K.L.:
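Attaching a single structure in structure tokens format; questions to follow.
Each ligand, and each atom within it, is numbered from 1 in the order the structure gives. Please read all numbers here as calculations on a predicted model, not as lab measurements. Below, each value reflects all heavy atoms present in this structure, side chains not excepted, and no hydrogens, waters or symmetry copies.
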Amino acid sequence: MILSTTWTLLFATVASLCSAAPAQLCTPKYGYWGYAYVVNTQSEVDAIAQSCTTINGSLVMYANYTGGFYLPNIRNILGSLQWRSLLRDTYSPDQPSPTTVDVPDLELVQNSLQMGSLPALRNFSAPKLKSVGWEVSVDYAVNVDLRALEEAEYFKYMGNVSTLRLDSLREVRQRAFICNKDNCTESLTPDRAFDISLPSLSVVGAIELDGRYSGVALPQLSNVSGHDFANRGFRFGTSGGEVLNLTFPKLNYVSGGMYLNGGIGSFAMDAMRNLTTHLDITTSALLNVTLPFEEAGYIRLEGNITGARFPNLRSWDTLLIDSREKLDCDATTESLANTTAHTYTCRYTTKDSDSGLSTGAKAGIGAGAGVAGLLILGVLAWCIARRKRRTERLKSESNIHLDEVPPTYGEVRGQDHPPEYASTREAN
Ligand SMILES: *[C@@H]1O[C@H](CO)[C@@H](O)[C@H](O)[C@H]1NC(C)=O
Ligand SMILES: *[C@@H]1O[C@H](CO)[C@@H](O)[C@H](O)[C@H]1NC(C)=O
Ligand SMILES: *[C@@H]1O[C@H](CO)[C@@H](O)[C@H](O)[C@H]1NC(C)=O
Ligand SMILES: *[C@@H]1O[C@H](CO)[C@@H](O)[C@H](O)[C@H]1NC(C)=O
Ligand SMILES: *[C@@H]1O[C@H](CO)[C@@H](O)[C@H](O)[C@H]1NC(C)=O
Ligand SMILES: *[C@@H]1O[C@H](CO)[C@@H](O)[C@H](O)[C@H]1NC(C)=O
Ligand SMILES: *[C@@H]1O[C@H](CO)[C@@H](O)[C@H](O)[C@H]1NC(C)=O
Ligand SMILES: *[C@@H]1O[C@H](CO)[C@@H](O)[C@H](O)[C@H]1NC(C)=O
Ligand SMILES: *[C@@H]1O[C@H](CO)[C@@H](O)[C@H](O)[C@H]1NC(C)=O
Ligand SMILES: *[C@@H]1O[C@H](CO)[C@@H](O)[C@H](O)[C@H]1NC(C)=O
Ligand SMILES: *[C@@H]1O[C@H](CO)[C@@H](O)[C@H](O)[C@H]1NC(C)=O
């Protein structure tokens with residue numbers, strides 16, 4: 001008994017000594033990409049992995065790197081981890097060809113993680129990476145494991161994803177962009193639907209999800225803050241046959257508008273009381289909504305709306321419901337009974353096989369305005385003209401802008417490379 005305890009103690013001591021091996025700080029030489037190690041082959045990566053735990057600078061995977069990139073042991077990169085290429089470099093192949101990136105011990109990247117233009121990339125794995133100071137972009141990879149990542153300024157993924165693990169991602173201060181199709185080509189419908197889950201995400205500046213989805217889980221999302229992307233807001237677009245239940249149970253603040261498009265079969269946002277922004281839903285699935293807002297800006301519901309109720313709504317800017325399905329506008333109007341005067345239109349147009357075209361409409365200003373029919377007509381005309389203008393504007397706004405790339409770390413910090421560090425140790 002005593003012997004075994006002694007052995008256990010000895011073992012634990014040895015183990016803790018090993019795991020507490022002193023951190024080795026390596027500072028790369030200053031070169032074209034600032035203080036950076038530039039690697040072309042796995043054996044160059046191995047050399048760095050053998051002698052360093054922290055890189056006081058960047059690690060650049062150069063354009064002619066092919067195959068797998070495996071970097072154990074490194075815990076901190078105080079610059080960026082990125083793939084780079086030089087234009088007009090005779091050594092650079094036409095097609096970047098790293099296939100896997102595996103950084104099992106990495107915990108911190110102080111600047112950016114940029115693997116954004118590698119069509120051959122299949123797997124990207126950084127399961128201990130907790131924090132990235134600026135941008136994360138990992139396009140094309142089929143399996144992405146960033147399960148420990150908690151925060152970044154920007155997050156971007158674009159490609160034919162199969163697994164995307166972002167279990168711990170809590171905050172993306174500027175913009176989160178995820179698109180599950182190659183190049184996010186607008187006309188493309190991916191051949192598989194993807195179930196997206198961001199179980200910890202709570203605050204984002206702007207969030208854009210595009211592609212083909214079978215489910216969306218954002219259970220903690222509470223604040224789409226706007227930040228520097230004040231006009232992007234919350235955009236969601238899905239194509240393909242799936243019908244989704246969209247529920248954002250904690251969302252209580254959105255800046256920059258909410259634009260949702262596709263097969264939306266149910267929609268709930270129960271924590272939202274004061275919708276100070278636009279809400280624009282265009283659904284191809286049958287949708288009957290009851291929305292909890294007390295105050296709202298501009299609301300537009302289009303497509304196959306079968307019901308819309310606003311039991312708590314007291315004031316709003318503009319409310320438009322324009323359906324392709326038979327819709328009980330009287331029920332909508334009744335649910336608005338306690339509101340003050342504001343513009344409101346509810347109408348539907350259906351293609352009925354028996355009676356041809358049938359339409360129904362309700363328009364006017366909210367209850368409590370006992371004004372003459374003439375005035376109502378005037379308001380209606382104004383409202384329709386206004387709607388046309390706004391619709392056009394909204395349509396143009398809702399295209400996802402891929403060219404809206406974030407500024408580089410250097411642009412923001414006024415320099416093109418990580419801060420200059422004194423050389424403490426050289427590794428090659
Ligand atoms: C990669 O390119 C660099 C220079 O651009 C060259 O020195 C190196 O030999 C190349 N490596 C391979 C594996 O082709
Ligand atoms: C990529 O990851 C998947 C799932 O984790 C694994 O099954 C597959 O073998 C990996 N492929 C490569 C090339 O590493
Ligand atoms: C996407 O990936 C799946 C399997 O991972 C594959 O079956 C499908 O063909 C891919 N689609 C495209 C457009 O590459
Ligand atoms: C995506 O873009 C790359 C590079 O521009 C191109 O080679 C590839 O064919 C594109 N893929 C699709 C599906 O459009
Ligand atoms: C949303 O987040 C921003 C930035 O963190 C903060 O300034 C703002 O107060 C938050 N708003 C709400 C309603 O939580
Ligand atoms: C959406 O909700 C309906 C009704 O609650 C349910 O029947 C359906 O299975 C749900 N769909 C998905 C994709 O979860
Ligand atoms: C709703 O938001 C608007 C704009 O921010 C503000 O003026 C108004 O006081 C808010 N109403 C409530 C009840 O918080
Ligand atoms: C409404 O649903 C029908 C079939 O149920 C579909 O053909 C039509 O495209 C949908 N409307 C819209 C605006 O998507
Ligand atoms: C829509 O939902 C309301 C409230 O849940 C319900 O009373 C109404 O019958 C529904 N309408 C349709 C067309 O399903
Ligand atoms: C309008 O307000 C009254 C009194 O506050 C309430 O009893 C009634 O249910 C409200 N009607 C609607 C449609 O919300
Ligand atoms: C990196 O180098 C800079 C400049 O010498 C130094 O100030 C900084 O402390 C170094 N970083 C670490 C983690 O030692």
K.L.:
Whether the N261 and T282 side chains hold a donor-acceptor pair (N or O, under 3.5 Å, no angle test) is what I'd like checked.
P.N.:
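T282 and N261 do not have a side-chain donor-acceptor pair below 3.5 Å.
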
K.L.:
Does the side chain of T333 come under 3.5 Å of the side chain of Y344 through a donor N or O and an acceptor N or O?
P.N.:
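On atom types as modelled, these side chains qualify, holding a pair under 3.5 Å.
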
K.L.:
Taking atom types as modelled, is there a side-chain donor on D46 or Q42 under 3.5 Å from an acceptor on the other?
P.N.:
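Distance-only check passes for D46 and Q42.
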
K.L.:
Run through W316, F234, Y298 and flag the one making a ring-ring contact (aromatic ring centres under 6.0 Å, His included) with H278.
P.N.:
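Testing each of W316, F234, Y298 against H278, the sole residue satisfying ring-ring contact (aromatic ring centres under 6.0 Å, His included) is Y298.
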
K.L.:
Show the numbers, then the answer: is there a side-chain hydrogen bond (donor to acceptor under 3.5 Å, both in side chains) between D182 and N160?
P.N.:
CA-CA 6 Å; D182 280 341; N160 182 16; 5.7 Å; no

K.L.:
Is the contact between V243 and ligand 6 made by the side chain, the backbone, both, or neither, using heavy atoms and a 4.0 Å cut-off?
P.N.:
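Contact part for V243 vs ligand 6: backbone (N, CA, C, O).
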
K.L.:
Using a plain distance cutoff, I'd like to know if N245 has any nitrogen or oxygen under 3.5 Å from a nitrogen or oxygen of ligand 6.
P.N.:
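Such a contact does occur with ligand 6.
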
K.L.:
Between T100 and N123, do the side chains contain an N or O donor and an N or O acceptor separated by less than 3.5 Å?
P.N.:
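N123 and T100 do not have a side-chain donor-acceptor pair below 3.5 Å.
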
K.L.:
Would you call R347 and D322 a salt bridge, using N to O less than 4.0 angstrom?
P.N.:
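D322 and R347: salt-bridged.
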
K.L.:
State whether D139 and K156 are salt-bridged, where the test is any N-O pair (Lys NZ or Arg NE/NH1/NH2 against Asp/Glu carboxylate O) under 4.0 Å.
P.N.:
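Judged by the 4.0 Å cut-off on N to carboxylate O distance, D139 and K156 do form a salt bridge.
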
K.L.:
What residues come within 4.0 Å of ligand 2, counting heavy atoms only?
P.N.:
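Ligand 2 pocket, heavy atoms under 4.0 Å: T100, N123, N143.
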
K.L.:
What are the atoms of ligand 7, with element, lying closer than 4.0 Å to any heavy atom of N274?
P.N.:
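Close to N274: 1 (C), 2 (O), 3 (C), 8 (C), 10 (C), 11 (N), 12 (C), 14 (O).
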
K.L.:
Any nitrogen or oxygen of E295, main chain or side chain, under 3.5 Å from a nitrogen or oxygen of ligand 7?
P.N.:
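By distance alone, the answer is yes.
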
